[in-house]
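One structure is given below, encoded as structure tokens.
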Amino acid sequence: GISDYFIKFLIVKKLGRIVMINSFITSLSIVLSTIFFTPLYGIMGFVIATLFSAVIDLIQSIIWYIIKKNSIRGDFNTKS
């Protein structure tokens with residue numbers, strides 16, 4: 001999805017551990033939200049759960065991207 005661009009940035013910067021943690025949290029969110037929403041809303045609950053986990057993934061990816069981009073930018077601006 002949309003978060004793939006942010007994840008590719010993290011992988012190129014050798015931050016695979018963050019990508020792994022992000023994937024684990026996203027997987028956990030889809031399982032838990034599916035368990036919660038599907039019995040309540042049927043097939044529409046599954047759609048809501050999928051959308052919810054996609055949003056969670058995107059938000060995490062953007063946050064990590066901003067944090068790591070700023071820390072990398074800071075490395076180049078310091079004088080040694």
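The first residue of the sequence shown is numbered 1, and numbering continues consecutively from there. All values below were derived from every heavy atom in this structure, side-chain atoms included, with hydrogens, water molecules and symmetry-related copies excluded. This is a predicted model, so every value here is computed, not measured.
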Going only through I, L, V, M, F, W and Y residues with side-chain contacts under 4.5 Å, is there a path from Ile56 to Ile59?
-> no
Which distance, rounded to the nearest 0.5 Å, do you find between the CZ of Arg17 and the CG of Asn22?
-> 13.5 Å
Working to the nearest 0.5 Å, report the span between CD1 of Ile62 and CG of Leu58.
-> 4.0 Å
Look at the side-chain heavy atoms of Ile, Leu, Val, Met, Phe, Trp and Tyr, link any pair under 4.5 Å apart, and say whether Ile18 and Met20 land in one connected group.
-> no
If you link ILVMFWY side chains whenever their heavy atoms are less than 4.5 Å apart, which other residues fall into the same cluster as Val31? By chain and number, please.
-> Ile30, Ile35
Any ring-ring contact (aromatic ring centres under 6.0 Å, His included) pairs touching residues 11-54, not counting sequence neighbours?
-> none
When hydrophobic residues are tied together by side-chain contacts of less than 4.5 Å, even through go-betweens, does Leu32 share a cluster with Val47?
-> no
What pairs of residues pass the side chain to side chain donor-acceptor pair (under 3.5 Å) test when at least one of them lies in residues 26-40, not counting sequence neighbours?
-> Thr26-Asp57, Thr26-Gln60
Shared hydrophobic cluster for Ile66 and Trp64 (ILVMFWY, side-chain gaps under 4.5 Å) = yes
Residues at least two apart in sequence or cross-chain that pass ring-ring contact (aromatic ring centres under 6.0 Å, His included) with Tyr65, listed by chain then number, are Phe6, Phe9
Connected via hydrophobic side-chain network under 4.5 Å: Ile43 and Leu40 = no
